[in-house]
Amino acid sequence: MASWNSDRLEVLYEVLGWAAFVSWSVSFYPQVILNFRRKSVVGLNFDFVVLNLTKHSSYLIYNASLFFSPVVQNQYREKFGSKELIPVAANDVAFSAHAVLLTAFTLFQIALYDRGDQKFSKIAIAIVSVAWLGAAVCVFIAVPSHSWLWLVSCFNLIQVFMTVIKYIPQAVLNFYRKSTVGFSIGNILLDFTGGAANYAQMAVQSVDQNSWVNFYGNIGKLMISLVSMFFDVLFMIQHYVLYPRKK
């Protein structure tokens, strides 16, 4: 049975995981508060939000399944080895659940507050529709053969795809407006901190186990860190360098 080799590294793993949870979870609130204070969502790209909801919903299904289901855990160990630790921690499940709730609440704000002439694009709606249609097809394929690990991995791949594309609409909107007004930079700074802590948590587990299975066995967790940090740096450049707010 898989176990930690170092108690100190196990404690560090937990600390980094919950640091990522706090940073990522709190990162949703600056945008929610900004929307509330302005009574407006102008400047917040709607496609970013709807793609984000699909991404976090898929990630929640993956994390909860791998963390709670003994069947999925057994299939994971059969594939990667019985001595491998499950690459999903409690903080991953907690973050995913919280992210789904806060992203859904942001969609509620979009319906409630002033939107200007902004609206959801047909491309974003099509992408979301195709993603959930693909998930439904995966369910029908997996059920007869009881390929549950493969099924939840499909949801993980969906969240990876959404992670890659979800930031693009907001970056493009900032570029066309030559402004980041209405888009909270606090969200980005906390998101970057969470991504760094999440990546460090994976590295600690790999060092303890002397194995890189943790990385390629949960490619979704790896990508959510690397892609998020890349776009966070881009948003920081837009906010502080390219389009600084004029006093």
Side-chain angles (χ1 to χ4, degrees), residues 1-29 55-103 148-160 162-163 187-233:
M1 194 68 177
S3 62
W4 285 86
N5 297 313
S6 169
D7 292 338
R8 292 182 179 181
L9 288 180
E10 183 179 7
V11 171
L12 180 58
Y13 173 86
E14 293 293 339
V15 170
L16 288 171
W18 287 108
F21 166 76
V22 172
S23 297
W24 269 340
S25 296
V26 175
S27 72
F28 287 90
Y29 290 92
K55 168 254 174 18
H56 287 304
S57 299
S58 302
Y59 198 40
L60 175 59
I61 293 172
Y62 171 79
N63 284 333
S65 299
L66 196 52
F67 186 79
F68 291 112
S69 174
V71 175
V72 178
Q73 292 175 356
N74 288 336
Q75 291 185 3
Y76 179 88
R77 292 192 176 101
E78 288 175 2
K79 181 176 181 180
F80 295 106
S82 59
K83 294 184 179 180
E84 294 297 332
L85 291 171
I86 298 300
V88 173
N91 65 272
D92 295 318
V93 180
F95 162 69
S96 298
H98 180 270
V100 170
L101 291 174
L102 264 293
T103 307
W148 307 123
L149 178 62
W150 176 82
L151 176 59
V152 299
S153 296
C154 290
F155 282 100
N156 201 17
L157 290 176
I158 291 174
Q159 81 88 11
V160 169
M162 291 296 174
T163 298
N187 169 26
I188 298 306
L189 297 176
L190 288 165
D191 189 52
F192 182 86
T193 302
N198 190 62
Y199 184 83
Q201 184 192 35
M202 298 183 71
V204 167
Q205 181 173 328
S206 293
V207 170
D208 178 83
Q209 300 293 297
N210 193 28
S211 169
W212 294 102
V213 171
N214 178 47
F215 281 91
Y216 62 79
N218 189 356
I219 192 67
K221 188 172 181 177
L222 173 64
M223 291 300 295
I224 193 177
S225 298
L226 298 181
V227 175
S228 295
M229 288 191 291
F230 171 81
F231 278 98
D232 288 338
V233 170

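Just so you know, these numbers come straight off a predicted model, no measurement behind them. For the numbers below, each heavy atom of this structure counts, side chains included, while hydrogens, waters and symmetry mates do not.
Taking OG from S57 and CD1 from I158, the interatomic distance works out to 10.5 Å, rounded to the nearest 0.5 Å. With rounding to the nearest 0.5 Å, the separation of CE in M202 from CH2 in W212 is 10.0 Å. Rounding to the nearest 0.5 Å gives a distance of 10.0 Å between CZ of F68 and CG of N63. Interatomic distance, NE2 of H56 versus NE2 of H98, reported as 10.5 Å (0.5 Å rounding).
S65 and V152 get closest at one heavy-atom pair: CB-CG1, 3.4 Å. Closest of all the heavy-atom pairs between T193 and S23 is CG2-OG, 3.4 Å. The nearest pair of heavy atoms linking D208 to N5 is O-ND2, 2.7 Å. Residues P87 and D92 approach most closely at O-OD2, 4.0 Å, considering heavy atoms. When every heavy atom of A20 is checked against every heavy atom of G194, the shortest pair comes out as CB-O, 3.6 Å. Here the shortest heavy-atom pairing between L16 and Q201 reads CD1-N, 3.8 Å.
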For this session: Go through K55 and I224 one step at a time and tell me if the side-chain contact (heavy atoms from CB on, under 4.5 Å) criterion holds.
Result: CA-CA 10 Å; K55 168 254 174 18; I224 193 177; 3.2 Å; yes
For this session: Using the side-chain contact (heavy atoms from CB on, under 4.5 Å) rule, take V100 and Y59 through it: C-alpha gap first, then chi angles, then the decisive distance, then the call.
Result: CA-CA 9 Å; V100 170; Y59 198 40; over 6 Å; no
Exercise. Between V88 and Y62, does a side-chain contact (heavy atoms from CB on, under 4.5 Å) hold up when you go through it step by step?
Worked result: CA-CA 9 Å; V88 173; Y62 171 79; 3.9 Å; yes
For this session: Applying side-chain contact (heavy atoms from CB on, under 4.5 Å), run through W4 and Q205 and close with a yes or a no.
Result: CA-CA 8 Å; W4 285 86; Q205 181 173 328; 4.0 Å; yes
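Two residues are said to be in side-chain contact when any heavy atoms from C-beta on lie closer than 4.5 Å; N187 and F28 fail this criterion. Residues I86 and R77 have side chains in contact (heavy-atom distance under 4.5 Å, counting atoms from C-beta outward).
Classification of the F80-Y76 ring pair by plane angle, with boundaries at 30° and 60°, yields tilted.
Under the ring-ring contact (aromatic ring centres under 6.0 Å, His included) test applied with F95, the options F21, F67, W18, W24 reduce to a single match, W24. Between D232 and the options L190, V227, I188, a side chain to side chain contact (heavy atoms under 4.5 Å, CB included) holds for only I188.
Counting only N and O atoms by type, the side chains of T163 and Q159 include a donor and acceptor under 3.5 Å apart. The closest side-chain donor-acceptor pair between S225 and N198 falls under 3.5 angstrom.
Listed for the Q75 side chain is a donor-acceptor partner under 3.5 Å among the backbone atoms of L149.
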